[in-house]
Visitor: 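Please read through the structure below; I'll follow up with questions.
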Amino acid sequence: MLCAAVDNAISVLPEQAREEILRYYFLHQSQRVIGTCIGRSRSTAGRHIQIALRKLREEMERYRHE
């Protein structure tokens, strides 16, 4: 059940945010590597990851209250 909630929450993210989250948390790539892959700096990749993580938390809260 939790896996389905996480999958659904990730699926609502924009494609680039999904890729960054998947690379960082599931493939264990560094922010520097992710930044290089998306053509941005390490700090920009880190900021994108934090924004995506915030959106994931919001989605998970919605799921929890359903």
Side-chain angles (χ1 to χ4, degrees):
M1 184 150 228
L2 180 60
C3 289
V6 171
D7 188 45
N8 287 338
I10 289 173
S11 73
V12 301
L13 293 175
E15 184 177 345
Q16 183 175 327
R18 268 195 319 265
E19 180 179 340
E20 292 163 348
I21 287 289
L22 292 172
R23 286 176 177 271
Y24 189 73
Y25 287 103
F26 297 97
L27 299 178
H28 306 289
Q29 293 181 347
S30 69
Q31 292 177 3
R32 184 173 314 284
V33 168
I34 296 167
T36 300
C37 289
I38 64 171
R40 306 279 189 217
S41 68
R42 181 215 50 84
S43 61
T44 299
R47 198 167 42 253
H48 287 181
I49 291 165
Q50 291 305 311
I51 291 167
L53 190 56
R54 189 175 320 120
K55 289 178 183 178
L56 281 174
R57 286 184 182 125
E58 291 169 3
E59 285 298 317
M60 293 300 291
E61 275 297 310
R62 280 191 210 124
Y63 180 80
R64 197 176 105 187
H65 293 291
E66 289 180 354

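Every value quoted in this text rests on a predicted model; they were computed, and no experiment measured them. All residue numbers in this chain count up from 1 along the given sequence.
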Visitor: Around atom CD of Glu15, are there more than 12 heavy atoms of other residues, nucleotides or ligands at under 6.0 Å?
Guide: no
Visitor: Taking all atoms of both residues into account, what is the closest heavy-atom pair of Gln29 and Tyr24, and its distance?
Guide: O-CD1, 3.4 Å
Visitor: Under 4.0 Å between a side-chain nitrogen and a carboxylate oxygen: does that hold for Arg62 and Glu59?
Guide: yes
Visitor: Kindly give the heavy-atom pair with the smallest separation between Ala17 and Ala52, and that separation in Å.
Guide: CB-CB, 3.9 Å
Visitor: What I'd like to find out is whether the side chain of Tyr25 reaches to under 4.5 Å of the side chain of Ile10, using heavy atoms alone.
Guide: no
Visitor: How far does CG of Leu13 sit from CD1 of Ile51, to the nearest 0.5 angstrom?
Guide: 11.5 Å
Visitor: Counting heavy atoms not belonging to Arg18, are there more than 12 under 6.0 Å from its CZ?
Guide: yes
Visitor: Report the distance from atom NE2 of His48 to atom CD of Glu19, rounding to the nearest 0.5 Å.
Guide: 12.0 Å
Visitor: CZ of Arg47 to CD of Glu20: how many Å apart, nearest 0.5 Å?
Guide: 11.0 Å
Visitor: Could you pull out the closest heavy-atom pair between Cys37 and Arg23, with the gap in Å?
Guide: SG-NH1, 3.5 Å
Visitor: So, for Met60 and Ala5, which heavy atoms are closest and what is the spacing to 0.1 Å?
Guide: SD-O, 3.6 Å
Visitor: Starting at CG of Leu56, measure out to CD of Glu61 and round the result to the nearest 0.5 Å.
Guide: 12.5 Å
Visitor: Are Leu22 and Val6 connected into the same hydrophobic cluster when the rule is that any two of I, L, V, M, F, W, Y join if their side-chain heavy atoms are below 4.5 Å apart?
Guide: yes
Visitor: Hydrophobic clusters here meaning ILVMFWY residues chained together by side-chain heavy-atom distances under 4.5 Å, can you tell me if Leu53 and Phe26 are in one?
Guide: yes
